[in-house]
Undergrad: 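Before I ask anything, let me first share the structure, which is written out below as structure tokens.
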Amino acid sequence: MATHAPLEEALLKGDSSVRNNSDPDKTRADEKLNCYSNAGFFSILTFSWMSTLIALGNRKTLDLKDLPLLPIIDSAYGTFPTFRSKLESECVGVSKVTTLKLAKGLFFSTWPGILVSGLFAFLYTCASYVGPYLIDILVQYLNGEQKFKNEGYILALAFVAAKLMECLSQRHWMFRFQQVGVRTQSMLVSMIYTKSLTLSCQSKENHSSGEIINLLTVDAARIGEFCWYMHDPWMAVLQVALALLILYRTVGIASLAAFGATVIIMFLNLPVASMQEKFQHKLMGFKDERMKITSEILKNMRILKLQAWEMKFFSKIVQIRKNEETWIKKFLVGSAIVRFLFFNAPTFVAVVTFGACVLIGIPLESGKILSALATFRILQMPIYSLPDTLSVIAETKVSLDRIAAFLSLNDLKTDVVEKLPWGSSDTAIEIVEGNFSWDLSSPDITLKNINLTVCHGMRVAVCGTVGSGKSSLLSCIIGEVPKLSGIVKVCGTKAYVAQSPWIQSGKIEENILFGKHMDREKYEKVLEACSLTKDLEVLPFGDQTIVGEKGINLSGGQKQRVQIARALYQDADMYLFDDPFSAVDAHTGSHLFKECLLGLLKTKTVIYITHQVEFLPDADLILVMRDGRITQTGKYNAILKSGTDFMELVGAHKTALSSITSLERRPTSKTLSFTVEETDSLSVFGLDQKAEHIDDQNGKSDEIVEPKGQLVQEEEREKGRVGFKVYWNYMTSAYGGALVPFILLSQTLTMALQIASNFWMALATPVSATAEPAIGSFTLMVVYVALAIGSSFGTLARAVLSAIAGYKTSTLLFNKMHLSFFRAPMSFYDATPSGRILNRASNDQSALDMSIANLVWGFTFSLTQLFGNIAVMSQAAWQVFIVLIPILAACIWYQRYYSSSARELARLVGICEAPVIQHFSETISGSTTIRCFGQESRFNDTNMKLIDRYSQPKLYSASAMEWLSFRLDVLSTITFAFCLAFLISFPNSITVPIAGLAVTYALNLNATQFSLISNLCNMENKIISVERIFQYTSIPSEPPLVIEDSRPDRSWPSFGEIHIHDLQVRYAPQLPLVLRGLTCTFTAGAKTGIVGRTGSGKSTLVQTLFRLVEPVAGQILIDNINIASIGIHDLRSKLSIIPQDPTMFQGTVRSNLDPLEEYTDERIWEALEMCQLGNEVRNKEGKLDSKTENGENWSMGQRQLVCLGRVLLKKSKILVLDEATASVDTATDNIIQQILKQYFSECTVITIAHRITSILDSDMVLFLNQLIEEYDSPKKLLENKSSAVSQLVAEYTRRSNSGFES
């Protein structure tokens, strides 16, 4: 089994071996000597400081630990504080950020790097024009005009020196701006992360985590990449000015025509660029929307599969993608026009200039023409890069706008709560005339006229019906709810336990310590109090077990207990518990209450919300809430006598208790058959069957693993060279590769016609002013223009065909990948953090949509250009092959030597990004807990470590590229020098114009070679995105949705009888059995309650019934049909479930109840009335169309009632309740039970519940412990005082009647 990711485990968990160099306690003993900061002058000049790393990458597969540490100046630790202080001083607090101020802040934080890269860019520009300036002189020299002795060799030396200068300055310019880019991205990601920790709830509601992740992955990266283009605007001006000087010297006044043509082409850019900006903006909008929905779907995939809704949501994503594709299409057409215009720019400028010369009567000589052609070729760069630069400036502006808008969102007000130091006041919490509202724009106030005083050491219970404002009361104490008026004072530190458990991926131990140092004695006490000791004994790695994303491999009860343990370990002054006992069974609930609230916390201030009346008598003060007001306060007996609200809650509880006594007198109504297969009485782990907590992980026993493997494995990472198969699959995805020969043909034709036009101009014009032209000016221009137009059409065909191929491929792969992961089994989601899937759906897909086609076809075109260059040079001096062949061999060797390191560095970049995103999305969902525990700085610290771990391979990947480019530049300069030396040494052996043409092409050799290698390397790096998407197009799929040959009748199941025979279930081949030979029958129309300790396999049974898990042996028959023989949609759509976590989706009330759009509004209103939500929805502005915001604007109990509404609409014969009433008060629980009795009396109902009263009403009770221990009517089980069920009920009754301290 693969070892777990050093990154995703060690990094997210702060392992010391991967700490950043910025930690002061980090020794630099392991820092490699090739680290940039330790390198000498020569080493920096030639990039030799990278050689050690590249050599290592050639010997072994590079890993993170092999990379040298980042210099402080490039790390987030070094750059972020400067940037933040600059931004704060500029904006007077970050919340008033404008785009301009953000851009200024970024500039002033990185200006030294920008300045140095600008200096190199200036040197590069000047050096690149030396060659075109000297060509005319060289042609005259070859023609026999020698001005002084050894002129030829001095000319050759000047050519070579300028070329070397050009190469060196270009390499360092590129390295410097990439350094600046990495710094910029680090600063922005840190800033966005810090901001997300302080966002107010309202701001958060308007920005989903998917949108914020886009700011992080797309916008911050785009601004980092802007550094590539930063100097282009002023360089374009300089390049045009230098070009005009040279042209004026060669073609005189006709240079004005050249200038005019250049300006026209540059101005043609502007409308195209603004059009591209508009397309980009629209594109990002749809991409945001798609990512928002994708992230929501991944979070709730279990629910979607249980309800058989996943394909409906898949079609939702496909629909949004279709809208996105319209804009991608427009964007790609725009790009093709840009390419057409600008590859033809030099030709257009040349035609205009030479045409002007002919008209004005300026004589054209081959030397001047060659000088002009070399100049036009350099001029192509500013003209060609200008549209790119303009569109990048436009894109960067969009990204800066988006980030500035996010940074200026409202923060949580820090003055809502007045924090007093411990010991400065007798009262722990004081609220005077408090009015609070989650939504400041809404007239509805969440909490009204709250007056509350809690002294130190008090135990305060909060109770009330669903939606009465209990959770909001705790939130206003920790300062999360905006305050309209009043005073809130809190004295001392706080610890908070949220209603929905928030668990970080990482070791269980780290979740409990939560940044504190280990105190073994205290730690053991906390584990004991939270009854986690037994759970941890069962886990193969104990508390070192790695928990998956959102605690995926722990059961609901275990997550809740880990959360409570985290709070207890903090040793705060006051504790706020939001309904901590709902997710655990009765026995564990009692233990937690006794050991935690009455034990470890007996001297602390504790406020706890509870729906369970049995926990109320021990409170010093009870607050009863209704409609956002505190309606009653006092001790248990006192308020029992006064007021009605509390009586209602207690009355409901008494009703539940009375059902136990009435059981004694009730005859068993239905006859049920069952057999219990006797197997070994010891459980899988050799523990007694009665062990309190055999781990079940919500029935997801992935964690009961052989002691070698954790649940979340290292992200799959291909090793070695990206196989040719990946390229082949990419190129042949669109139309089976039919376009490939046409693209290659158009590229070859373009190149051939361009060379032909240059040959024509060089050979058809005289060498010197004295010679007579052989061809008339008119013929000269007509042939030239004809060849130019031919090559233009070649360019157009090439641009259009490659855009079509790229678009078609990205569309096909998008649909293939999404279909593949939508059809993946649940085990895939349990073991795959959503960050990995989101990364592919956003970053990798973006690369596929926008850039990979350009790189692949750009590479083949560069190859064509290189062959063209060599062909022209060999016309003048075939001897150049003597040097060219070994030099090409050396180039290929260098490229191969470099590519093994470069590939792994690129893969590491991809892999290091996922933990940044994952940590970020975890932080957003747990920001309330993080703030309450005051842990913001620790989380910021972890985030910076992760950013630096991402920057490391990114920066070294760029450095490796420069290392290679520098060496290739030197080799191509040697070829150039040899060609020059040969021409100068044997001037008479060759036609002068062809010699001049050869030098013109040789001047461009290193640019062509660089373009080839950079396209190749970028393509190798980016093709990894294709490789990663291909990985996810072949995920093993669930069984078929529908099996046409064995579809059940429309009326199936007409009775609802479930027969289970010898059912054995395990979660993976190497894991032990969770259910070990279950055989029983749930009679049609009977109500069966299933109980068992946490981890006994209750939820596993449900998952097997819905085929989320396939059994190893045995079968389940529903009305005599084996469920394994029909399609999973046919099965799941006929069963109903109310799950443990009540889930609502982004959308409307209607789409939440009926996503498949099967029912009329009338039916939906009926269902809402039945589940008591009719009035609630009627009072909303949009009625059925009112927005649901993922249910964040609904209380937990109301969300549960929505889930009840779904099953009332569906009216299946079989209904499963999986802890369905865990998060509602007893009164609402009773309502739900009444509704079920009324509307599901003819149905088979299976109930898993911690609340013992929920199942005593059943016809049969099954006590599960991986085997069936007891299965009988509740009456018989209660009569047998030694039965496990009887003991659970006794515990509940005793607790309810007397409390704990009596």
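The model shown is predicted, which means the values in this text are computed figures rather than measured ones. Values reported hereafter were calculated over all heavy atoms of this structure, with side chains retained and with hydrogens, waters and symmetry mates removed.
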Undergrad: Testing the basics here: between Leu1153 and Leu1209, what is the closest heavy-atom pair and its distance to 0.1 Å?
TA: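 Minimum heavy-atom separation between Leu1153 and Leu1209: O-CD1, 3.6 Å.
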
Undergrad: Using modelled atom types and a 3.5 Å cut-off, is there a donor and acceptor pairing between side-chain atoms of Arg1206 and backbone atoms of Asn1152?
TA: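 A pair under 3.5 Å: yes.
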
Undergrad: To the nearest 0.5 Å, tell me how far Ile1060 CD1 sits from Thr1104 OG1.
TA: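 That separation rounds to 8.5 Å.
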
Undergrad: Ignoring hydrogens and angles, tell me if any N or O in the side chain of Asn1280 forms a donor-acceptor pair with the backbone of Lys1276 under 3.5 Å.
TA: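 Not confirmed, Asn1280 side chain does not pair with Lys1276 backbone.
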
Undergrad: What I'd like to find out is whether the side chain of Ile1116 reaches to under 4.5 Å of the side chain of Leu1105, using heavy atoms alone.
TA: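 Contact flag for Ile1116/Leu1105 side chains = yes.
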
Undergrad: Run the side chain to side chain contact (heavy atoms under 4.5 Å, CB included) test on Leu576 and Val497 for me, step by step, so that the C-alpha distance in whole Å, both residues' side-chain angles and the decisive distance to 0.1 Å come before the verdict.
TA: CA-CA 6 Å; Leu576 309 170; Val497 175; over 6 Å; no

Undergrad: With the side chain counted from C-beta on, respond yes when Phe1240 and Val1207 share a heavy-atom pair under 4.5 Å apart, and no when they do not.
TA: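 Phe1240 reaches Val1207 side chain to side chain.
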
Undergrad: Quick one: does Asp1154's side chain have a donor or acceptor within less than 3.5 Å of a partner on Arg1150's backbone?
TA: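 Looks like no, no N/O pair under 3.5 Å.
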
Undergrad: Start with the C-alpha gap between Met826 and Val1109, add the side-chain angles, then the distance that decides, and say whether side chain to side chain contact (heavy atoms under 4.5 Å, CB included) holds.
TA: CA-CA 8 Å; Met826 260 337 283; Val1109 182; over 6 Å; no

Undergrad: Given side chains that start at C-beta, do those of Val462 and Met625 come closer than 4.5 Å, heavy atoms only?
TA: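 SC-SC contact between Val462 and Met625 confirmed.
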
Undergrad: Using the salt bridge (charged side-chain N to carboxylate O under 4.0 Å, His left out) criterion, which residues pair with Lys1211? Sequence neighbours excluded.
TA: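 Expected list: none.
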
Undergrad: Tell me, do Ser1273 and Val1261 make a side-chain contact under 4.5 Å, heavy atoms counted?
TA: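 Of all side-chain heavy-atom pairs linking Val1261 with Ser1273, none is under 4.5 Å.
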
Undergrad: Is there a donor-acceptor pair under 3.5 Å between the side chain of Lys470 and the backbone N or O of Gly464?
TA: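 Present.
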
Undergrad: Judged by atom type as modelled, is there a donor-acceptor pair below 3.5 Å linking the side chain of Lys559 to the main-chain atoms of Ser500?
TA: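 The answer is no, because no donor-acceptor pair under 3.5 Å joins these two groups.
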
Undergrad: Pairing donors with acceptors under 3.5 angstrom, does anything connect the side chains of Arg302 and Gln1103?
TA: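 The criterion, which ignores hydrogens and geometry beyond distance, is satisfied for Gln1103 and Arg302.
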
Undergrad: Met1260 versus Tyr1271: any side-chain heavy-atom pair under 4.5 Å?
TA: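 SC-SC contact between Met1260 and Tyr1271 confirmed.
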
Undergrad: Is it the case that atom CD in Glu1158 sees more than 12 heavy atoms from other parts of the structure closer than 6.0 Å?
TA: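 Yes, because the 6.0 Å sphere around CD of Glu1158 holds more than 12 heavy atoms from other groups.
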
Undergrad: For Glu1057, give me all partners under salt bridge (charged side-chain N to carboxylate O under 4.0 Å, His left out), at least two apart in sequence or on another chain.
TA: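 Result, salt bridge (charged side-chain N to carboxylate O under 4.0 Å, His left out) vs Glu1057: none returned.
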
Undergrad: Answer yes or no: is there a donor N or O on one side and an acceptor on the other, between the side chain of Arg1132 and the main chain of Arg1107, under 3.5 Å?
TA: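 Side chain of Arg1132 to backbone of Arg1107, a donor-acceptor pair under 3.5 Å: yes, one is there.
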
Undergrad: For Tyr1159, I'd like to know if atom OH has over 12 heavy atoms of other residues, nucleotides or ligands within 6.0 Å.
TA: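 For Tyr1159, atom OH is crowded (more than 12 foreign heavy atoms under 6.0 Å).
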
Undergrad: Give, for atom CD of Glu1269 and atom CZ of Phe1263, the distance between the pair rounded to the nearest 0.5 Å.
TA: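 Answer for the CD-CZ pair, Glu1269 versus Phe1263, is 5.5 Å.
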
Undergrad: Going through the distances and angles, do Val1065 and Leu1078 end up as a side chain to side chain contact (heavy atoms under 4.5 Å, CB included)?
TA: CA-CA 10 Å; Val1065 180; Leu1078 253 64; over 6 Å; no

Undergrad: Once rounded to the nearest 0.5 Å, what's the spacing between atom CD1 of Ile609 and atom CD of Gln499?
TA: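 The CD1 atom of Ile609 sits 7.0 Å away from the CD atom of Gln499.
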
Undergrad: Quick one about Glu310 and His1129 (side-chain donor to acceptor, distance below 3.5 Å, no hydrogens or angles considered), yes or no?
TA: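 Present: a donor and an acceptor within the cut-off.
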
Undergrad: Please step through salt bridge (Lys or Arg N to Asp or Glu O under 4.0 Å) for the pair Glu1038 and Lys305, ending with a clear verdict.
TA: CA-CA 10 Å; Glu1038 277 191 306; Lys305 285 191 179 291; 3.0 Å; yes

Undergrad: For the residue pair Ile622 and Cys463, what are the closest heavy atoms and their distance?
TA: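 Smallest interatomic distance, heavy atoms only, reads CG2-SG, 4.0 Å.
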
Undergrad: So, for Ala1167 and Gly1205, which heavy atoms are closest and what is the spacing to 0.1 Å?
TA: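 So the two residues come closest at CB-O, 3.9 Å.
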
Undergrad: Taking all non-hydrogen atoms of both residues, which atom of Cys476 and which atom of Leu447 are closest, and how far apart?
TA: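 So the minimum-distance heavy-atom pair works out to SG-CD1, 4.0 Å.
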
Undergrad: Looking at Leu616 and Tyr636, what are the two nearest heavy atoms and their distance?
TA: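 Heavy atoms only, the tightest pair is CB-CD1, 3.9 Å.
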
Undergrad: Given Ile1138, which partner from the list Leu1204, Thr1247, Asp1218, Val1216 fulfils the side-chain contact (heavy atoms from CB on, under 4.5 Å) test?
TA: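 Running side-chain contact (heavy atoms from CB on, under 4.5 Å) over Leu1204, Thr1247, Asp1218, Val1216 with Ile1138 returns exactly one hit, Leu1204.
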
Undergrad: Would you find a donor on one side and an acceptor on the other, under 3.5 Å apart, between the side chain of Trp1165 and the backbone of Thr1160?
TA: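 Checked: no pair found.
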
Undergrad: Tell me, do Ser472 and Phe436 make a side-chain contact under 4.5 Å, heavy atoms counted?
TA: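 Not in contact.
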
Undergrad: Who passes salt bridge (charged side-chain N to carboxylate O under 4.0 Å, His left out) against Asp1130, sequence neighbours left out?
TA: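 For Asp1130, the residues satisfying salt bridge (charged side-chain N to carboxylate O under 4.0 Å, His left out) (neighbours in sequence not counted) are Arg1047.
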
Undergrad: So, Thr631 side chain and Val624 main chain: donor-acceptor pair closer than 3.5 Å or not?
TA: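 Judged by distance alone, yes, a pair lies under 3.5 Å.
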
Undergrad: Out of curiosity, Asn1120 CG to Trp1052 CH2, how far, rounded to the nearest 0.5 Å?
TA: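 Going from CG on Asn1120 over to CH2 on Trp1052, the span is 11.0 Å.
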
Undergrad: Any heavy-atom pair between the side chains of Leu1215 and Leu1236 that's under 4.5 Å?
TA: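 Counting from C-beta outward, Leu1236 and Leu1215 do come under 4.5 Å.
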
Undergrad: Supply the atom-to-atom distance Ile1137 CD1 to Lys1210 NZ, rounded to the nearest 0.5 angstrom.
TA: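 These two atoms lie 9.5 Å from each other.
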
Undergrad: Evaluate the side chain to side chain contact (heavy atoms under 4.5 Å, CB included) criterion for residues Ile1268 and Leu1262: first the C-alpha distance (whole Å), next the side-chain angles of each, then the deciding distance (0.1 Å), finally the verdict.
TA: CA-CA 7 Å; Ile1268 297 175; Leu1262 187 152; 4.2 Å; yes

Undergrad: So, using side-chain hydrogen bond (donor to acceptor under 3.5 Å, both in side chains) as the criterion, who are the partners of Gln560 when residues are at least two apart?
TA: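 By the side-chain hydrogen bond (donor to acceptor under 3.5 Å, both in side chains) rule, Gln560 matches Gln563.
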
Undergrad: Answer yes or no: is there a donor N or O on one side and an acceptor on the other, between the side chain of Asp1119 and the main chain of Ser1054, under 3.5 Å?
TA: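 A pair under 3.5 Å: yes.
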
Undergrad: For Glu1169, what residues pass the salt bridge (charged side-chain N to carboxylate O under 4.0 Å, His left out) criterion, not counting sequence neighbours?
TA: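 Partners of Glu1169 under the salt bridge (charged side-chain N to carboxylate O under 4.0 Å, His left out) test: Arg1178.
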
Undergrad: Considering all heavy atoms of both residues, which atom of Ser471 and which atom of Asp578 are nearest to each other, and what is their separation?
TA: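 For Ser471 versus Asp578, the nearest heavy atoms are OG-OD2, 2.8 Å.
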
Undergrad: Could you check whether any side-chain heavy atom of Leu1135 comes within less than 4.5 Å of a side-chain heavy atom of Ser1212, counting everything from C-beta outward?
TA: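 With C-beta onward as the side chain, the pair stays apart.
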
Undergrad: Output the distance between atom CZ (Arg626) and atom OG (Ser468), rounded to the nearest 0.5 Å.
TA: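 These two atoms lie 8.5 Å from each other.
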
Undergrad: May I ask you to decide if Phe615's main-chain N or O and Tyr608's side chain share a donor-acceptor pair within less than 3.5 Å?
TA: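 Checking the backbone N and O of Phe615 against the side chain of Tyr608, a donor-acceptor pair under 3.5 Å is found.
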
Undergrad: Taking side-chain contact (heavy atoms from CB on, under 4.5 Å) as the test, write out the residues that go with Asn1122, two or more places apart.
TA: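 Partners of Asn1122 by the side-chain contact (heavy atoms from CB on, under 4.5 Å) criterion, ordered by chain and then number, come out as Gln1115, Leu1117, Ala1124, Ser1125.
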
Undergrad: Taking the inter-plane angle between the rings of Phe313 and Phe1145 on a 0 to 90° scale, is it parallel (under 30°), tilted (30 to 60°) or perpendicular (over 60°)?
TA: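 It falls in the tilted class, 30° to 60°.
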
